[in-house]
Every structure is written in structure tokens, then in C-alpha cells.
Undergrad: 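Questions regarding the structure given below will be posed in turn.
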Amino acid sequence: MKVRDSGMPNVEMWESFFNIENIFQSLEIDNNIINLVEIGCGYGTFTILASNLIKGKLFAFDIECEMIEIVKQKAIEKGINNIILENRDVHSNTTGLPNVSVDYVMLFNLLHNETPKDFLNEAFRILISGGKLGIIHWRSDIETPRGPDLTIRPKPEEIISLIDESKFKVKLKPFIIEPYHFGILLTKNK
């Protein structure tokens with residue numbers, strides 16, 4: 001099932017919305033990570049750079065075949081061979097990855113879904129003990145040039161209220177990622 005009110009602008013516009021290096025530094029996406037999962041890879045805005053930082057494989061999923069093909073071509077052009085792409089409805093069918101198998105999950109701009117806990121539960125299932133879950137989302141307190149309707153954007157406190165404290169610990173409380181997003185970093189309880 002496609003996340004409600006989704007859709008991508010052209011790639012140049014999309015990539016202008018993010019300071020990727022700042023996001024990665026804030027959310028601890030670095031060379032300490034072996035295997036990473038990205039749910040909803042889109043144009044590969046985060047995929048390509050993250051694949052160069054991590055030690056192992058980057059499992060990138062998207063519900064749109066076109067997005068998978070775009071990222072595949074970018075990876076080929078850059079000679080990147082540690083990205084495993086899959087056209088998959090993760091919301092309805094999970095990632096298909098084994099339990100307790102990855103170090104990091106990126107959930108970027110997805111939690112406006114009608115059942116965001118499904119994504120959180122899948123992240124918990126596949127993360128190793130102490131693994132990290134990085135979340136960014138469009139701010140709901142300001143108008144932005146893109147993103148879902150303001151009425152369905154989760155506020156940071158709403159995402160925090162969804163966190164099952166028996167599963168995750170909040171490592172970084174919600175913080176602003178200028179100009180249009182906020183971030184949260186969780187760790188899976190041991």
C-alpha cells in the first residue's frame with residue numbers, strides 16, 4: 001500500500017530540500033554501521049551516499065518500480081555494488097529480511113502513513129540489539145514547498161508517543177533539521 005499523500009517532485013527539487021551530510025552526522029549514519037535498511041528509497045538521495053559510508057550492505061526498498069530503476073542506474077554509474085534494491089510494499093509485506101539482521105533502519109518521510117506503528121514494528125523486528133532507527137519527517141509547524149498535507153504530518157511528540165519503550169529508547173529527542181524537517185534517533189533495547 002502506497003503511503004497516503006505521497007509523490008515525488010523532480011529530482012533536483014527533491015534533493016534541494018536536504019543537507020544530507022548534516023542529517024547523516026546528526027542521525028549517526030556512518031562507518032560504524034555494517035548493514036542498513038532504507039524503506040522508501042525514492043531517487044536514492046540518501047541511498048547512494050549512505051552506501052559509501054557503511055561497511056556492509058544497504059537494503060533499499062521502494063513501492064515504485066521507477067524509483068528502483070533510477071537508483072539502480074545511479075549505483076551502476078558510480079560503481080557501487082553494496083546496494084540491494086527491491087521493489088516491495090514493505091508496509092503490507094514487511095522487508096522480508098531475517099529477524100535481528102541489520103544495524104540501522106532509515107524511516108525518512110514515511111510516518112504520515114495511516115498506521116505508522118507498522119513501520120516501527122518492522123524496524124524493531126529486523127534490528128539487532130542496540131541497533132538504531134533514524135527518523136526524519138516534514139515539519140508540521142511551517143508551510144513547506146513539498147510534503148504531505150499539513151493535517152496528516154505527524155508532530156514530533158506524536159511520533160514519540162508511538163514509541164514502545166519496551167522496544168526502543170530515544171537516543172536523540174526531536175530536533176529541527178533546517179529548513180523543512182525534524183529528526184529523531186532511537187536505539188533498540190538490548
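Residues take their numbers from the sequence shown, with the count starting at 1. We use all heavy atoms of the structure for the numbers below, so side chains are in, but hydrogens, waters and symmetry mates are not. All of these numbers come straight from a predicted model, not from anything done at the bench.
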Undergrad: I want to check something: taking the side chain as every heavy atom from C-beta on, are Phe61 and Val37 in contact at a cut-off of under 4.5 Å?
TA: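 They are in side-chain contact.
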Undergrad: Which atoms form the tightest heavy-atom contact between Tyr104 and Gly134, and what is the distance?
TA: OH-CA, 3.4 Å
Undergrad: Go through the steps for Leu133 and Leu120 under the test side chain to side chain contact (heavy atoms under 4.5 Å, CB included), then give the verdict.
TA: CA-CA 9 Å; Leu133 171 56; Leu120 298 173; 3.7 Å; yes
Undergrad: Could you grab the distance from atom CD1 of Ile184 to atom CG of Leu107, nearest 0.5 Å is fine?
TA: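 Nearest 0.5 Å value for the CD1-CG distance: 10.5 Å.
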Undergrad: Output the distance between atom CD (Glu21) and atom CD1 (Ile23), rounded to the nearest 0.5 Å.
TA: 10.5 Å
Undergrad: Any chance the rings of Phe108 and Phe18 have centres within less than 6.0 Å?
TA: no
Undergrad: Any chance you could measure Lys132, atom NZ, to Thr187, atom OG1, to the nearest 0.5 Å?
TA: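 OG1 of Thr187 is found 8.0 Å from NZ of Lys132.
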Undergrad: Step by step, would you call Asn82 with Lys55 a side chain to side chain donor-acceptor pair (under 3.5 Å)?
TA: CA-CA 9 Å; Asn82 67 332; Lys55 295 176 184 172; over 6 Å; no
Undergrad: Looking only at non-hydrogen atoms, find the nearest pair between Cys41 and Leu85 and report the distance.
TA: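 In terms of heavy atoms, the two residues are closest at SG-CD2, 4.4 Å.
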Undergrad: Just by distance, do the side chain of Glu86 and the backbone of Asp62 share a donor-acceptor pair under 3.5 Å?
TA: no
Undergrad: Measure from the side-chain N and O atoms of Thr115 to the backbone N and O of Lys117, and report whether any donor-acceptor pair falls under 3.5 Å.
TA: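 Answer holds: no.
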Undergrad: Leu58 and Ser51: which non-hydrogen atoms are nearest, and at how many Å?
TA: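 Residues Leu58 and Ser51, closest heavy atoms: CD1-N, 3.7 Å.
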Undergrad: Do Pro145 and Tyr180 touch side chain to side chain, with heavy atoms closer than 4.5 Å?
TA: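 Yes; the side chains approach each other to less than 4.5 Å.
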Undergrad: Arg153 side chain to Pro148 main-chain N or O, any donor-acceptor pair under 3.5 Å?
TA: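 Side chain of Arg153 to backbone of Pro148, a donor-acceptor pair under 3.5 Å: yes, one is there.
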Undergrad: Under the criterion salt bridge (charged side-chain N to carboxylate O under 4.0 Å, His left out), I'd like the reasoning laid out for Arg125 against Glu122: C-alpha separation, chi angles, the key distance, then a yes or no.
TA: CA-CA 5 Å; Arg125 183 185 73 77; Glu122 178 61 3; 2.8 Å; yes
Undergrad: Using the rule given for side chain to side chain contact (heavy atoms under 4.5 Å, CB included), can you reason through Glu66 versus Ile70, listing the C-alpha separation, both sets of side-chain angles and the distance that settles it, and then say yes or no?
TA: CA-CA 6 Å; Glu66 178 186 0; Ile70 288 170; 4.1 Å; yes
Undergrad: Going by side-chain contact (heavy atoms from CB on, under 4.5 Å), Ile128 matches just one of Ile34, Val102, Val100, Asn35. Which one?
TA: Val100
Undergrad: Report yes or no: does Asp103 contribute a side-chain atom to a donor-acceptor pair with the main-chain N or O of Leu36 at less than 3.5 Å?
TA: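 Not at all, since once roles are kept as given, no pair shorter than 3.5 Å links the two residues.
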Undergrad: Quick check against the 3.5 Å criterion: does Arg88 have a side-chain atom that pairs as donor or acceptor with the backbone of Asn93?
TA: yes
Undergrad: Under a 4.5 Å side-chain heavy-atom rule over Ile, Leu, Val, Met, Phe, Trp and Tyr, are Ile76 and Phe46 clustered together?
TA: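 No; tracing contacts between hydrophobic side chains, which count when under 4.5 Å, never links both residues.
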Undergrad: Indicate yes or no for a side-chain donor-acceptor contact from Ser26 to the backbone of Asn22 under 3.5 Å, with no hydrogens or angles considered.
TA: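 Side chain of Ser26 to backbone of Asn22: a pair is present.
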Undergrad: Any chance you could lay out the side chain to side chain contact (heavy atoms under 4.5 Å, CB included) test for Asn19 and Glu178, step after step, and finish with the verdict?
TA: CA-CA 8 Å; Asn19 178 333; Glu178 293 292 348; over 6 Å; no
Undergrad: Heavy-atom count check: over 12 atoms from other residues, nucleotides or ligands less than 6.0 Å from Gln25 CD?
TA: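 No, CD of Gln25 has 12 or fewer neighbouring heavy atoms, counting only those of other groups under 6.0 Å.
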Undergrad: So which heavy atom on Ile126 is nearest to which on Thr95, and how close?
TA: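 Smallest interatomic distance, heavy atoms only, reads CG2-OG1, 3.7 Å.
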Undergrad: State the CD1-CG distance between Ile33 and Leu53, to the nearest 0.5 angstrom.
TA: 8.0 Å
Undergrad: Closest heavy-atom contact between Ala60 and Thr47?
TA: CB-CG2, 4.0 Å
Undergrad: Would you say Lys173's side chain and Leu185's backbone share a donor-acceptor pair under 3.5 angstrom?
TA: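 Absent.
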Undergrad: Give the C-alpha distance, both sets of side-chain angles, the deciding distance and a yes or no for side chain to side chain contact (heavy atoms under 4.5 Å, CB included) between Ile48 and Ile83.
TA: CA-CA 8 Å; Ile48 299 299; Ile83 300 173; 3.9 Å; yes
Undergrad: Under a 3.5 Å distance rule, please check whether Asn189 uses its side chain to pair with a backbone N or O of Glu165 as donor and acceptor.
TA: yes
Undergrad: Are the side chains of Lys155 and Arg139 in contact, using a 4.5 Å heavy-atom criterion?
TA: no
Undergrad: In Å and rounded to the nearest 0.5 Å, what is the CG to NZ distance from Leu27 to Lys171?
TA: 10.5 Å
Undergrad: Over 60° means perpendicular and under 30° means parallel, so tell me whether His91 and Phe119 are parallel, tilted or perpendicular.
TA: tilted
Undergrad: Please determine if Lys167 forms a cation-pi arrangement with Phe124, meaning its NZ or CZ atom is less than 6.0 Å from the six-membered ring centre and no more than 45° off the ring axis.
TA: yes
Undergrad: Could you check if a side-chain atom of Leu172 sits within less than 4.5 angstrom of a side-chain atom of Val170, using non-hydrogen atoms only?
TA: no
Undergrad: Enter the distance from Lys57:NZ to Asn81:CG here, rounded to the nearest 0.5 Å.
TA: 9.5 Å
Undergrad: Does any non-hydrogen side-chain atom of Phe168 lie less than 4.5 Å from one of Leu162?
TA: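 Leu162 vs Phe168: side chains apart.
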Undergrad: Should Lys188 and Ser129 count as side-chain neighbours, where that means a heavy-atom distance under 4.5 Å?
TA: no
Undergrad: Taking all non-hydrogen atoms of both residues into account, name the closest pair between Leu150 and Ile142 and its distance.
TA: CD2-O, 3.4 Å
Undergrad: Taking the side chain as C-beta and beyond, is there a heavy-atom pair between Pro174 and Ile160 under 4.5 Å?
TA: yes
Undergrad: Between Trp138 and His181, how do the two ring planes meet: parallel, tilted or perpendicular, split at 30° and 60°?
TA: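 Geometry flag for His181 against Trp138: tilted rings.
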